[in-house]
Amino acid sequence: MERHERQLFVNGAWVAPASGRYLEDVDPATGQVFAEAADAGPEDVERAVAAAAASMAERRWLGMDPLERSRVLHRIAEGIRQRQEDLAALISQENGMPITFAQWLEIPMAADVFDYFAGLVAQVRGHTLPFSLPGPQGDYLVLTLKEPVGVAGLITPWNFPLLMPSWKVAPALAAGCSGILKPAPETPLAALALAEITAEAGVPEGVLSVLTGGDEAGAALVAHPAVEKIAFTGETATGSRILTAAAPQIKRVTLELGGKSPNIVFDDVDLDEAVSGALFGLYLNAGQVCQAGSRILVQESVYDTFVERLRERVEGLRVGPGPDPTTDVGPVVSGRQLERVLGYVEAGRAEGARLVTGGRRLEALGPGFFLEPAVFAGVAPGMRIAQEEIFGPVSAVLPFKDEEEAVAVANQTLYGLAAGVWTRDVKRALRVVRGVKAGTVWLNTYQVLSPTAPFGGYKRSGLGRDLGPDALEPYLETKTVVVDLNDQALSFF
Ligand code: NAD
């Protein structure tokens with residue numbers, strides 16, 4: 001089925017938005033509009049939710065043999081792989097992501113996520129359980145059934161235009177839910193490509209709709225009474241608004257939110273390896289990564305050397321358009337994001353941190369949203385650049401004295417998404433792992449994720465987990481079935 005970029009994918013068909021409104025899709029390397037996408041409104045949400053509810057009522061998806069559902073998810077994975085080249089070109093233009101990174105990770109991992117959850121389809125199962133009731137009448141059979149929670153609203157950000165939707169769509173489908181994907185307005189096209197791939201793979205009509213659109217479409221999904229579950233990835237402030245909006249209906253909500261993750265470097269490590277890890281940990285995808293190691297904590301004795309080597313490596317990064325295979329760091333996604341990052345560079349300076357390198361707009365590269373990757377040293381833990389999520393290529397390097405101070409500073413944040421620890425001392429490494437409040441802790445590495453392992457945040461970084469076996473549970477309800485095996489039915493009165 002051919003994809004129509006200016007349309008919505010609802011109930012297995014490409015349709016125009018009810019409002020007739022369209023979003024501009026801006027190429028961040030040029031600042032120019034290069035495509036348009038439909039701007040879904042409440043009427044479109046209504047149509048998609050009705051289609052999803054009907055597909056569930058008719059058991060179009062859940063009624064299918066589980067191994068066939070599993071094969072459908074594997075076919076989605078294959079469909080993604082077959083379109084790797086087109087998707088990489090699209091995402092590198094739409095998002096500014098370096099094409100080499102899209103080819104290496106964004107696209108293959110999205111496919112792997114579908115393969116992983118394909119394997120979980122047949123693992124959706126309950127238990128038989130013992131049962132205890134005071135008195136003589138104790139012969140009962142008890143079992144639990146796992147059932148899909150219902151229609152799921154899947155709301156995603158722009159930083160990984162295909163991968164973030166795959167983290168939501170794959171577990172929702174594996175659990176037997178029908179879903180409505182609402183991608184970020186900055187990156188609508190990769191999600192539409194996914195709609196096309198799912199339809200070709202055999203996902204029945206209405207089971208997955210894709211509504212491109214802005215915040216209003218997301219809010220309408222959250223407010224809709226027939227949407228039983230919201231799975232959201234995005235900013236912490238938006239997550240908080242969604243929780244509030246979902247509260248009156250006691251909607252099931254999972255949230256993957258922002259971070260200000262510490263990457264802690266002790267003085268016993270190979271410093272060049274740690275510098276490489278910090279570089280990869282922050283400047284990947286121009287710092288627009290939720291788990292970015294944006295607070296680099298370095299032990300005092302190696303602090304100056306570390307900062308100097310990091311400066312050299314950062315100055316060696318090639319900034320350029322996403323589609324250029326020699327680009328290390330692409331533009332940030334939008335003019336708004338550019339202004340936000342520049343605002344933080346100003347804030348860092350104003351608070352007395354030392355800008356070691358970068359931090360200016362790269363006007364020589366044209367009107368696109370290019371920034372010189374930046375390093376701040378002499379950062380104090382309470383400064384805004386050490387507390388707030390910048391979501392750009394700007395690192396804050398903080399000194400620490402000893403292990404106790406490192407853990408205290410690492411935890412001095414409202415966030416708790418991830419952390420890195422660089423040391424050769426096993427006991428210290430494990431003490432720090434235990435001490436740091438974060439959903440993922442990397443030892444002598446950073447950023448690496450796998451579809452098989454849970455990912456999510458402590459504190460204000462989220463609620464629930466994406467990926468791994470834990471990711472399925474929030475899309476399921478547990479039904480306890482109690483069967484009376486006694487000769488006579490219970491009668492208390
Ligand atoms: P955002 O919160 O602005 O938007 C995310 C999505 O929510 C978009 O689709 C948007 O249209 C929608 N939305 C906005 N307001 C809404 C509302 N009131 N109700 C329903 N939907 C609404 O985030 P962004 O700028 O697109 O993405 C960047 C953020 O995402 C960063 O904070 C980053 O840390 C976070 N992120 C987190 C993870 C994670 O796994 N924890 C992964 C990637 C990105």
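For ligands, and for the atoms within them, numbers begin at 1 and follow the listed sequence. One is the number of the first residue; the rest follow in order along the sequence.
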Does an N or O from [X], backbone or side chain, lie closer than 3.5 Å to an N or O of ligand 1?
X	answer
T236	no
N159	no
E389	yes
E186	no
T156	yes
K182	yes
L257	yes
W167	no

Min heavy-atom dist G457 to ligand 1 below 4.0 Å: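 The answer is no, since G457 has no heavy atom less than 4.0 Å from ligand 1.
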Test item: E228 side-chain N/O and V151 main-chain N/O as donor-acceptor pair under 3.5 Å: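 Checking the backbone N and O of V151 against the side chain of E228, no donor-acceptor pair under 3.5 Å is found.
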Gap separating the CD1 atom of I107 from the CD1 atom of I80, nearest 0.5 angstrom: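 So the CD1 of I107 and the CD1 of I80 are separated by 9.0 Å.
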What pairs of donor and acceptor atoms, side-chain ones from residues 181-193 against any protein atom, are under 3.5 angstrom apart with sequence neighbours left out?
| from | atom 1 | to | atom 2 | distance (Å) |
| --- | --- | --- | --- | --- |
| K182 | NZ | G213 | O | 2.9 |
| K182 | NZ | G214 | O | 3.3 |

